[in-house]
Trainee: 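My questions all concern the structure below.
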Number of protein chains: 2
Amino acid sequence: MGEPQVKKHDVFQAIADPSRRRMLKLLADGEMPITTISGHFPMSRTAVSKHLRILSEAGLVKERKVGRENRFRLDPEPLSELQQWYSYFDRFWENKMAALQHLVESAEAAK
Amino acid sequence: MGEPQVKKHDVFQAIADPSRRRMLKLLADGEMPITTISGHFPMSRTAVSKHLRILSEAGLVKERKVGRENRFRLDPEPLSELQQWYSYFDRFWENKMAALQHLVESAEAAK
DNA sequence: TTGATATAAAACCATTTGGTTGTATATAAT
DNA sequence: ATTATATACAACCAAATGGTTTTATATCAA
């Protein structure tokens with residue numbers, strides 16, 4: 001077993017920023033270098049790089065050096081922590097069927 | 001139609017803080033005044049009050065004056081925005097069945 | 001009425017956050 | 001070899017965050 005992996009930034013804090021949420025959705029389209037990502041945001045490449053660092057520390061993106069590029073790709077796995085926390089409040093929905101209904105509807109809305 | 005309701009704090013930012021996440025779980029047990037809530041946290045009552053203000057602005061808690069007390073209760077509804085955002089990444093799980101499996105497991109874990 | 005209780009509100013503070021610009025370095029293209 | 005590209009890194013900055021203490025106000029209890 002490795003180190004306990006103390007994350008400086010957790011997933012909740014990582015997705016608190018709207019720019020970072022947009023970056024994750026953008027990266028859902030596939031791996032891309034910082035310059036490409038940067039083209040989608042009204043801020044400096046350095047600022048984008050800092051956001052990606054935070055996402056990386058939360059385990060939500062992985063990086064890979066290719067030539068002079070640094071390519072990023074999404075790793076959605078840590079988002080399951082979100083799902084798990086959220087599920088604590090499931091009992092506040094009418095019943096299981098309503099919860100599933102809700103899930104399906106939101107899945108549709110996200111298409 | 002009323003005002004567009006510009007929220008100063010959104011649900012993502014509200015749950016970014018671990019103390020606020022604990023407060024929401026605590027309030028899942030039912031309505032309670034600030035003093036009671038405050039008893040569960042190693043910080044001043046004023047600090048707790050500020051956190052509750054942020055949760056209130058995000059629509060996650062409702063307050064009600066009863067005598068000299070100010071009682072807070074959970075309103076989980078805005079959490080559905082979380083669920084909706086999360087669902088965008090559903091396609092990264094193997095398939096729908098795996099997603100449901102995952103949902104059920106996390107629901108179990110939260111019991 | 002005199003305290004005690006529950007809370008709000010204001011002022012203050014250190015640290016973090018989200019951004020900038022400027023400089024340096026490695027790689028690729030001509 | 002020279003130039004252009006992709007990025008990292010450091011220094012800086014204003015505003016937001018998460019906390020404190022102090023002061024004030026309303027309500028309940030004796």
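Residue numbering restarts at 1 for every chain, and letters A, B, ... go by the order of the sequence lines.
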Trainee: To the nearest angstrom, how far is B:Asn70 atom CG from C:dA9 atom C1'?
Mentor: 14 Å
Trainee: Show me the pairs that pass ring pair (Phe, Tyr, Trp, His ring centres under 6.0 Å) and involve residues 12-63 of chain A, at least two apart or across chains.
Mentor: A:Phe12-A:Trp85
Trainee: Is there a donor-acceptor pair closer than 3.5 Å between any side-chain N or O of A:Ser87 and the backbone N or O of A:Asp90?
Mentor: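 No; judged by distance alone, with no hydrogens or angles, the pair does not exist.
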Trainee: Please report the distance, rounded to the nearest Å, between CD1 in B:Ile37 and P in C:dA8.
Mentor: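 Atom CD1 in B:Ile37 sits about 10 Å away from atom P in C:dA8.
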Trainee: Taking protein heavy atoms under 4.0 Å as touching, what does nucleotides 12-18 of chain D look like 5' to 3' if B marks base contact, S marks sugar-phosphate-only contact and - marks none?
Mentor: -----SS
Trainee: Sub-3.5 Å donor-acceptor pair from the side chain of B:Arg20 to the main-chain atoms of B:Ala14, do we have one?
Mentor: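 Looks like yes, one N/O pair under 3.5 Å.
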Trainee: When you group the ILVMFWY residues by side-chain heavy-atom contacts below 4.5 Å and let the links chain together, are A:Val11 and A:Ile54 in the same group?
Mentor: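 No.
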Trainee: Does B:Arg73 form a side-chain contact (heavy atoms from CB on, under 4.5 Å) with B:Leu27? I'd like the steps, not just the answer.
Mentor: CA-CA 6 Å; B:Arg73 71 175 182 284; B:Leu27 286 172; 5.8 Å; no
Trainee: Give the C-alpha distance, both sets of side-chain angles, the deciding distance and a yes or no for side-chain contact (heavy atoms from CB on, under 4.5 Å) between B:Leu79 and A:Phe92.
Mentor: CA-CA 11 Å; B:Leu79 290 179; A:Phe92 287 98; over 6 Å; no
Trainee: B:Ser49 side chain N/O closer than 4.0 Å to the phosphate oxygens (OP1, OP2) of C:dA8?
Mentor: yes
Trainee: To check you understand the geometry: which heavy-atom pair defines the closest contact between A:Pro78 and A:Leu60, and what is its length?
Mentor: CB-CD2, 4.0 Å
Trainee: Using whole Å, report how far CD of A:Glu57 lies from P of C:dT16.
Mentor: 13 Å
Trainee: What is the separation between atom CD1 on A:Ile34 and atom P on D:dA8, rounded to the nearest whole Å?
Mentor: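 Rounded to the whole Å, the gap is 4 Å.
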Trainee: Minimum heavy-atom separation for B:Met43 to B:Ser19, with atom names?
Mentor: CE-OG, 3.6 Å
Trainee: How does protein contact run along nucleotides 22-30 of chain C, one letter per nucleotide 5' to 3', with B for base contact, S for sugar-phosphate only, - for none, heavy atoms under 4.0 Å?
Mentor: B----BS--
Trainee: Figure out the CG/C1' separation between A:Leu52 and C:dG18, and round it to whole Å.
Mentor: 14 Å
Trainee: How far apart are the C-alpha atoms of B:Thr35 and B:Glu69, what are their side-chain angles, what is the distance that settles it, and do they pass the side-chain contact (heavy atoms from CB on, under 4.5 Å) test?
Mentor: CA-CA 9 Å; B:Thr35 307; B:Glu69 291 184 340; over 6 Å; no
Trainee: Check the distance between C:dG18's C1' and A:Phe41's CZ and give it to me in whole angstrom.
Mentor: 14 Å
Trainee: Taking the minimum atom-to-atom distance to the side chain of B:Glu69, which one of C:dA8, D:dA6, C:dT7 wins?
Mentor: C:dT7
Trainee: Measure from CD on A:Glu63 to C1' on D:dT7 and round the result to the nearest Å.
Mentor: 11 Å
Trainee: Checking all strands, does B:Ser44 fall into the base, sugar-phosphate, or nothing category for heavy-atom contacts under 4.0 angstrom?
Mentor: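 Answer is base: heavy atoms of B:Ser44 come under 4.0 Å of a base.
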